[in-house]
Asker: 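One structure follows; several queries about it will come next.
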Amino acid sequence: MVSLNDLKTPKTNTWCPGCGNFGILMAFKKAFIETGIEREDAVMVSGIGCHGKIVNYVNINGFHGIHGRVLPTAQGIKLANPNLTVIGFAGDSDQYNEGWGHFAHALRTNVNMTLIVHNNMVLGLTTGQATPTSQQGFKSKSTPFGVIPPMLNPIAHALVSNGTFVARGFSGDMFHLKSLIVEAIKHRGFAFIDVFQPCVTFNYLNTYDWFNQRVYKLEDENHDVTDHKKAIEKALEWDDRIPIGIFYKKERPIYSDSLSHVKNEKLTKLPKQNIDITSAMKEMM
Amino acid sequence: MIVNKVSLLVGGEAGAGISRSGLLFAKSCLRGGLCVFGANDYQSLIRGGHNFYTVRACEEEIYSQADKTDLLIALNKETVFFHKDELISGAGIIYDQEEFSITQEELERNDINLYHVPLRKIAKELEGPQIMENTVALGAANALLDYDTTILNEVLQDTFNQKVAQQNIEAAKRGYDYVKENYGNSFGYKLEKTESAGKKRLFLTGNEAIGLGALNAGCKFYAAYPMTPATTILHFLAPLDREYKIVVMQTESEIAAMNMVAGASYAGVRSMTATSGGGFSLMVEALGMVGMTETSPVIVLAQRPGPSTGLPTYTAQGDLRFAIHASQGEFPRAIIAPGDVEECFYNTLDAFNLAEKFQIPAIIISDKYLSESNGTTEIFNQNKIGIDRGQLITDDTYTQEEEYMRHKLTENGISIRAIPGIKGAIVRTNADEHNELGYTTEDPVLTTKMNDKRFKKLEGLTKELENYETVKFYGPENSDITIVSWGSTKGPIREAMKILSNEGKNVNFLQILYLSPFPINKIKNYIKSAKKTVIVENNKTSQLSSLIQEHLLMTVDHKILKYDGRPFNPEELAQRIREVL
Ligand SMILES: Cc1ncc(C[n+]2csc(CCOP(=O)(O)OP(=O)(O)O)c2C)c(N)n1
Ligand code: SF4
């Protein structure tokens with residue numbers, strides 16, 4: 001059994017004091033322990049941004065990749081070795097700007113993995129520009145007169161793109177978030193959690209207080225996670241009341257269910273010497 | 001009578017099954033014991049336009065298409081006018097007079113034999129689809145060449161299901177009979193089975209050879225997004241996934257493909273992707289990530305003319321510098337340029353071994369001409385190049401004595417690789433600069449050390465490659481001129497050499513197979529002893545010349561360049577060499 005101590009790394013944490021990333025980090029570590037998975041059997045993949053440093057702070061297998069590309073890298077790892085539990089960590093600009101295309105396709109493809117998006121509604125590491133989830137009118141260094149277009153709605157998007165596990169967490173509610181992460185890892189398919197992560201340095205608007213005043217838990221209102229229509233309705237809620245929790249959950253064949261030919265093969269144990277290509281050459285004679 | 005030396009061209013609209021019928025003819029020549037080369041010329045459209053496939057068959061070895069056509073199968077009138085000037089004196093045209101007429105006046109020459117065959121009518125009589133007129137024409141060609149019909153029948157049998165095959169065999173027979181009845185043995189060419197008839201050989205494209213190489217190398221993950229001329233690797237591997245237990249995935253983009261193969265490689269699986277210049281442009285950022293994380297996918301870069309989308313279905317060698325320099329920052333990579341189908345196979349095996357041994361990306365650079373032309377080769381020796389995955393920790397070999405370090409600093413720069421999932425080994429890698437454990441670092445000392453570590457592998461790779469055929473040399477040692485080239489120009493160059501040597505001219509050829517690391521010493525020896533050097537390339541700026549200048553501080557004497565999207569023809573190239581001799 002893994003302990004918190006096992007997950008510690010020698011790296012000094014460089015997130016700003018009070019950053020919402022800490023809540024995600026702790027929630028993840030606790031969730032990981034709860035799932036009972038061994039450190040060697042899981043891989044965390046992260047993008048580039050403040051969030052991306054998380055790979056430095058958890059002592060399990062890790063791939064700190066490039067901006068916007070968490071999903072394809074993670075999918076490659078999972079498809080190559082389905083025995084690994086793969087958890088992707090992305091930023092909101094990382095995933096919803098650079099990686100938006102991959103996001104839409106990952107939802108369809110349904111590779112069995114988890115994606116956690118640290119949604120601070122701002123670009124943190126590049127010092128505070130607007131992202132696609134910044135609210136209209138949000139003033140930042142890059143938008144001194146306020147963000148012009150309306151914000152993207154990743155939850156609604158995930159729902160209409162055939163997402164099989166769509167959830168939202170809040171790093172200010174660590175225990176709730178932990179339980180979401182446990183559920184997501186257990187989910188058979190592509191599990192997506194958008195996490196409100198207050199950036200205490202650059203986001204003056206969406207603060208802990210701001211969220212605390214608004215968020216409520218779907219489960220407290222007996223939300224039916226199998227009701228797709230209702231989930232979309234809930235996804236459109238914003239302003240005064242903002243739901244967190246699981247919006248929708250459904251089992252659908254995962255991508256590798258259709259790869260029956262490699263089901264019982266450990267691809268990583270291959271290749272063996274002398275692979276016989278005689279039959280493939282026949283066509284060319 | 002010219003025996004066993006023919007160049008056939010089938011032309012018509014896209015969608016008319018042009019390349020299929022060319023291939024069928026080519027295979028029947030192959031099985032008769034002839035050496036065959038097939039090249040596909042098509043436009044970037046699906047219907048209409050002008051497409052053609054040329055087949056050259058000969059008793060001796062051949063390496064490229066011919067300059068001239070002996071027998072033309074014209075499925076539309078346009079074909080006749082596109083190719084009439086390429087017809088040799090005494091050539092024949094098989095066409096359907098009921099579809100369109102041709103006259104000597106229109107051709108502006110009277111040394112061409114016109115062979116009308118009612119292609120469409122025969123196909124209709126047999127109640128087959130219109131496309132079957134191709135097969136009628138093949139039968140007619142067989143009759144003109146007085147070639148054994150049983151071979152074509154066998155090929156048809158092996159290609160189609162039984163019912164369709166039977167129909168096609170009948171179609172070929174009708175075409176054959178029509179020609180024999182109406183024209184007898186009037187054509188001045190003949191094909192005969194040779195001694196090696198029945199001997200099994202391969203007739204395949206560069207892409208198929210790369211695909212076979214990947215299978216033989218144990219590639220278990222292939223991800224790609226379609227882009228001509230790399231697409232047919234995807235088409236080749238996809239239906240074989242079950243038999244060879246490989247995951248073949250069409251991704252949403254080249255960006256996804258490249259990141260996926262990097263992920264798969266990190267996970268411990270041999271992986272490959274393929275694309276052309278535009279797609280490679282998108283892959284470049286992740287290529288840098290591969291360099292930094294020391295993962296080892298194989299990337300096939302099948303060139304076509306650029307910049308931008310260029311000529312999507314034609315050929316070029318304009319991306320050499322791009323492949324060498326692609327990505328921000330510096331890191332070692334292997335760039336291998338096969339020149340024919342045989343090298344496509346064996347070099348792919350080498351690419352996988354080198355990539356894994358040195359934990360670097362290996363790029364196989366080819367082009368449309370090599371990717372999609374068919375060449376004849378001996379059956380590949382599938383046991384020639386074994387699988388060498390380099391230093392790898394497996395479950396049974398990991399002792400857990402010390403903490404596993406994915407990027408451990410070592411004497412030769414190679415850190416032993418562990419596959420994630422091994423008890424006790426945490427495998428951490430990082431696209432940011434990192435320490436030995438894979439944690440992010442910005443430390444100046446470590447940054448220098450890690451850079452040095454990565455480049456130490458280049459030293460090892462360079463050394464290892466001393467035992468490889470990084471260059472090949474053809475022709476007599478002391479020649480008046482030494483041709484230097486890389487990639488698919490090899491075929492036309494070898495043909496041009498034959499032409500020149502028949503004229504008593506002394507020409508030799510240095511083929512460079514490894515462009516990075518550049519085999520400086522081997523090249524230097526050859527160039528030093530050359531009387532005169534000439535570079536032959538399918539690009540505008542002679543990128544190979546600049547590499548020679550950069551690495552050897554030597555300039556070449558002449559450059560023969562072609563960049564119209566078409567490969568060199570042998571006689572065309574011979575003429576340009578004569579000019580500089
Ligand atoms: C291709 C590319 N473009 C831009 C950058 C610069 N960059 C570094 S972090 C970052 C985004 C950070 O925003 P977000 O993804 O929201 O993560 P956060 O820092 O807020 O956690 C960007 C654009 C980069 N590293 N790579
Ligand atoms: S800038 Fe914002 S997101 Fe980044 S560490 Fe600081 S508080 Fe966290």
Side-chain angles (χ1 to χ4, degrees), chain A residues 9-11 38-43 45 48 52-53 55-56 59-81 83-84 101-102 104-105 109 255-256 259-262 265 267-281 283-285, chain B residues 30 200-204 208 212 215-221 223 240-247 249 251-253 255-257 259-264 266-271 285-286 289 293 379-380 382-383 386-387 419-432 438-440:
Chain A
T9 73
K11 282 295 286 184
E38 293 295 331
R39 300 183 311 145
E40 297 88 340
D41 297 330
V43 184
V45 182
I48 298 291
K53 300 178 185 175
V55 166
N56 292 297
N59 198 9
I60 67 175
N61 292 319
F63 193 123
H64 187 182
I66 51 178
H67 196 47
R69 314 302 168 205
V70 168
L71 285 172
T73 311
Q75 286 167 320
I77 295 169
K78 181 68 185 179
L79 290 170
N81 185 355
N83 295 338
L84 296 170
H102 304 305
H105 289 282
T109 311
Y255 187 78
S256 52
L259 307 177
S260 52
H261 58 293
V262 289
E265 292 294 328
L267 290 182
T268 48
K269 293 267 182 211
L270 301 167
K272 306 261 189 281
Q273 298 289 343
N274 303 331
I275 294 163
D276 189 355
I277 55 164
T278 312
S279 76
M281 281 194 284
E283 285 257 312
M284 294 136 188
M285 291 176 189
Chain B
L30 178 84
K200 295 224 155 123
R201 279 175 309 162
L202 297 175
F203 183 63
L204 80 176
E208 287 167 335
L212 285 173
L215 291 179
N216 195 214
C219 174
K220 291 290 152 208
F221 190 85
L240 295 174
D241 65 349
R242 266 123 246 260
E243 189 179 348
Y244 288 92
K245 303 202 182 299
I246 167 171
V247 175
M249 194 164 185
T251 56
E252 64 266 27
S253 66
I255 299 177
N259 283 279
M260 273 194 198
V261 295
Y266 159 84
V269 165
R270 285 196 157 187
S271 62
E285 193 202 15
M289 178 183 84
T293 55
I379 295 205
F380 294 136
Q382 27 181 328
N383 304 318
I387 293 169
I419 286 170
I422 291 169
K423 192 95 209 86
I426 298 301
V427 187
R428 186 180 300 100
T429 193
N430 202 324
D432 282 13
Y439 291 118
T440 305

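Chain A is the first sequence line, chain B the second, and so forth, proteins listed ahead of strands; every chain is numbered from 1.
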Asker: Where does Tyr439(B) contact chain A at under 4.5 Å (heavy atoms): side chain, backbone, both or neither?
Answerer: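 It is both, since atoms from each part get that close.
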
Asker: Output the option from Leu259(A), Leu79(A), Val70(A), Asp41(A) having the highest count of non-hydrogen pairs under 4.5 Å with chain B.
Answerer: Leu79(A)

Asker: Can Asn59(A) and Arg428(B) be said to form a side chain to side chain contact (heavy atoms under 4.5 Å, CB included), step by step?
Answerer: CA-CA 9 Å; Asn59(A) 198 9; Arg428(B) 186 180 300 100; 2.6 Å; yes

Asker: Given the options Ile255(B), Thr251(B), Val261(B), which has more heavy-atom pairs under 4.5 Å with chain A than any of the others?
Answerer: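 It is Ile255(B).
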
Asker: Tell me, side chain or backbone of His102(A) under 4.5 Å from chain B's heavy atoms, or both, or neither?
Answerer: both

Asker: Only counting residues at least two apart or in another chain, list the ones meeting side-chain hydrogen bond (donor to acceptor under 3.5 Å, both in side chains) with Thr440(B).
Answerer: Asn56(A), Asn430(B)

Asker: If I measure from the heavy atoms of chain A, does Tyr244(B) come under 4.5 Å with its side chain, its backbone, both, or neither?
Answerer: side chain

Asker: Do the side chains of Ile275(A) and Gln382(B) get nearer than 4.5 Å, heavy atoms only?
Answerer: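 No; the side chains remain at least 4.5 Å from each other.
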
Asker: Taking side chain as everything from C-beta outward and backbone as N, CA, C, O, which of these in Glu285(B) sits under 4.5 Å from a heavy atom of chain A? Side chain, backbone, both or neither.
Answerer: both

Asker: Go through the atoms of Ala217(B) and report whether side chain, backbone, both or neither lie under 4.5 Å from a heavy atom of chain A.
Answerer: backbone

Asker: Given that the side chain runs from C-beta out, which part of Lys423(B) has a heavy atom under 4.5 Å from chain A: side chain, backbone, both or neither?
Answerer: both

Asker: Side-chain contact, heavy-atom cut-off 4.5 Å: Thr109(A) with Glu252(B)?
Answerer: no

Asker: Between the side chain of His261(A) and the main-chain N/O of Ile246(B), is any donor-acceptor distance below 3.5 Å?
Answerer: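 Yes.
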
Asker: If the test is side chain to side chain contact (heavy atoms under 4.5 Å, CB included), which one of Arg242(B), Lys245(B), Lys220(B) qualifies with Val262(A)?
Answerer: Lys245(B)

Asker: Side chain, backbone, both or neither: which part of Ser253(B) has a heavy atom under 4.5 Å from chain A?
Answerer: side chain

Asker: For the interface with chain B, which of Ile77(A), Thr9(A), Asn61(A), Val45(A) has the highest count of heavy-atom pairs at distances below 4.5 Å?
Answerer: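 Between Ile77(A), Thr9(A), Asn61(A), Val45(A), the count favours Asn61(A).
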
Asker: Roughly how far apart are His64(A) NE2 and Asp432(B) CG, rounded to 0.5 Å?
Answerer: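 Those atoms lie 4.5 Å apart.
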
Asker: Phe203(B): which residues meet the ring pair (Phe, Tyr, Trp, His ring centres under 6.0 Å) condition with it, sequence neighbours left out?
Answerer: none

Asker: Given a strict heavy-atom distance threshold of 4.5 Å, which part of Thr429(B) is in contact with chain A: side chain, backbone, both, or neither?
Answerer: both

Asker: Looking at chain A, which one of Ile387(B), Val269(B), Leu240(B) has the largest number of heavy-atom pairs inside 4.5 Å, strictly under?
Answerer: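 Top count of heavy-atom pairs under 4.5 Å with chain A: Ile387(B).
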
Asker: Which atoms of Glu283(A) are under 4.5 Å from chain B, going by heavy atoms: the side chain, the backbone, both sets, or neither?
Answerer: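 Answer is backbone: N, CA, C or O of Glu283(A) sit under 4.5 Å from chain B.
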
Asker: Is Leu212(B) close to chain A through its backbone or its side chain, or both, or neither, when contacts mean heavy atoms under 4.5 Å?
Answerer: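 Contact with chain A involves both backbone and side-chain atoms of Leu212(B).
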
Asker: With a 4.5 angstrom heavy-atom cut-off, could you sort out which part of Leu30(B) is near chain A: side chain, backbone, both or neither?
Answerer: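 The answer is the side chain of Leu30(B).
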
Asker: Roughly how far, to the nearest 0.5 Å, is the CD1 atom of Ile426(B) from the CZ atom of Arg39(A)?
Answerer: 4.0 Å

Asker: Pick one of side chain, backbone, both or neither for Ile66(A), based on which atoms fall under 4.5 Å of a heavy atom in chain B.
Answerer: both

Asker: Quick check on the interface: out of Ile379(B), Val427(B), Leu204(B), who has the most heavy-atom pairs with chain A under 4.5 Å?
Answerer: Val427(B)

Asker: Between Gly62(A), Gly76(A), Ala80(A), which has the largest tally of heavy atom pairs under 4.5 Å with chain B?
Answerer: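 Among the listed options, the one with the most contacts to chain B is Gly62(A).
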
Asker: Counting heavy-atom pairs closer than 4.5 Å to chain B, which one of Thr268(A), Thr278(A), Ile48(A) comes out on top?
Answerer: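 Most heavy-atom pairs within the cutoff with chain B belong to Thr268(A).
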
Asker: Among Ala431(B), Gly438(B), Ala223(B), which has the most heavy-atom pairs under 4.5 Å with chain A?
Answerer: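 Highest number of heavy-atom pairs under 4.5 Å: Ala431(B).
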
Asker: If I measure from the heavy atoms of chain A, does Leu215(B) come under 4.5 Å with its side chain, its backbone, both, or neither?
Answerer: both

